[in-house]
Amino acid sequence: MKESSSRKQGAPAPCAACKLLRRRCAEDCVFAPYFPADEPHKFASVHKVFGASNVNKMLQELPEHQRGDAVSSMVYEANARVRDPVYGCVGAISSLQQQIDSLQTQLALAQAEVVHMRMRQYSSSPDCASPSTGGRRSRSHHPKSPYNMDDSFWS
């Protein structure tokens, strides 16, 4: 359990939770290790969304080694709920998923464009000259596709 330097000297400094709730901060306060007095906004947003009683119950039901992570999650969710009261974290996740989808589409288009450019470069390179033209390039309007098995397709 973290203790502030003023607690060690005997004068208990209330944690952010006890300060907001206007109560005496006991030595065994469940909030003190996770809501220090110098970060009052953390408990204020958690209290606004979940309520002090519910946060107290949640913390007491968890083993001590999991409480820090639980508080971090509650603070994140509470801040998300303050920004977006309807969707909270789900709204943020949904927005990020839409960004991922959009970026994947852009990537696929860019990759297709690269393939198209390589195909154009392949069809215009001197190595594509046909032996029947004596090393000269064919005057066909359509380039041969390396993927096309039927040579008569472009003729």
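Keep in mind that this is a model prediction, so the values were computed, not measured. Computation of the quantities below employed the complete heavy-atom set of this structure, encompassing side-chain atoms and omitting hydrogens, waters and symmetry-equivalent molecules.
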- Item | Pairwise distance CE(Met117) to CZ(Arg120) - rounded to 0.5 angstrom | 6.5 Å

- Message: So, taking the atom named CZ in Arg67 and the one named CD in Glu61, what distance separates them when rounded to the nearest 0.5 Å?
- Response: 10.0 Å

- Message: If you compare all heavy atoms of Phe43 against all heavy atoms of Ala17, which two are closest, and at what distance to 0.1 Å?
- Response: CD2-CA, 3.4 Å

- Kindly give the heavy-atom pair with the smallest separation between Cys29 and Cys18, and that separation in Å. SG-SG, 3.6 Å

Listed pairs under 3.5 Å, donor-acceptor, residues 93-110 side chains, sequence neighbours left out:
unit_1, atom_1, unit_2, atom_2, d
Gln97, NE2, Asp101, OD1, 3.1
Thr105, OG1, Asp101, O, 3.0

- For atom CD of Gln60, decide whether the heavy atoms of other residues, nucleotides or ligands shown that lie under 6.0 angstrom number more than 12. yes

- Task: Kindly give the heavy-atom pair with the smallest separation between Pro14 and Cys25, and that separation in Å.
- Result: CA-CB, 3.6 Å

- Item | Residue list, salt bridge (charged side-chain N to carboxylate O under 4.0 Å, His left out) with Lys42, at least two apart or on another chain | Glu39

- Which value, rounded to the nearest 0.5 Å, describes the distance between Arg118 atom CZ and Ser123 atom OG? 14.0 Å

For residues 69-87, which side-chain donor-acceptor pairs fall under 3.5 Å, sequence neighbours excluded?
unit_1, atom_1, unit_2, atom_2, d
Ser72, OG, Gly68, O, 3.2
Ser73, OG, Asp69, O, 3.1
Glu77, OE2, Arg81, NE, 2.8
Asn79, OD1, Ser45, OG, 3.2
Asn79, ND2, Val75, O, 3.3
Arg81, NH1, Pro85, O, 3.1
Arg81, NH1, Val86, O, 2.9
Asp84, OD1, Val86, N, 3.4
Asp84, OD1, Tyr87, N, 3.3

- Just do the side-chain contact (heavy atoms from CB on, under 4.5 Å) check on Phe35 and Val46 with the steps written out, would you? CA-CA 10 Å; Phe35 300 105; Val46 169; 4.3 Å; yes

- Correct closest heavy-atom pair for His47 and Ala52 would be ND1-N, 3.1 Å

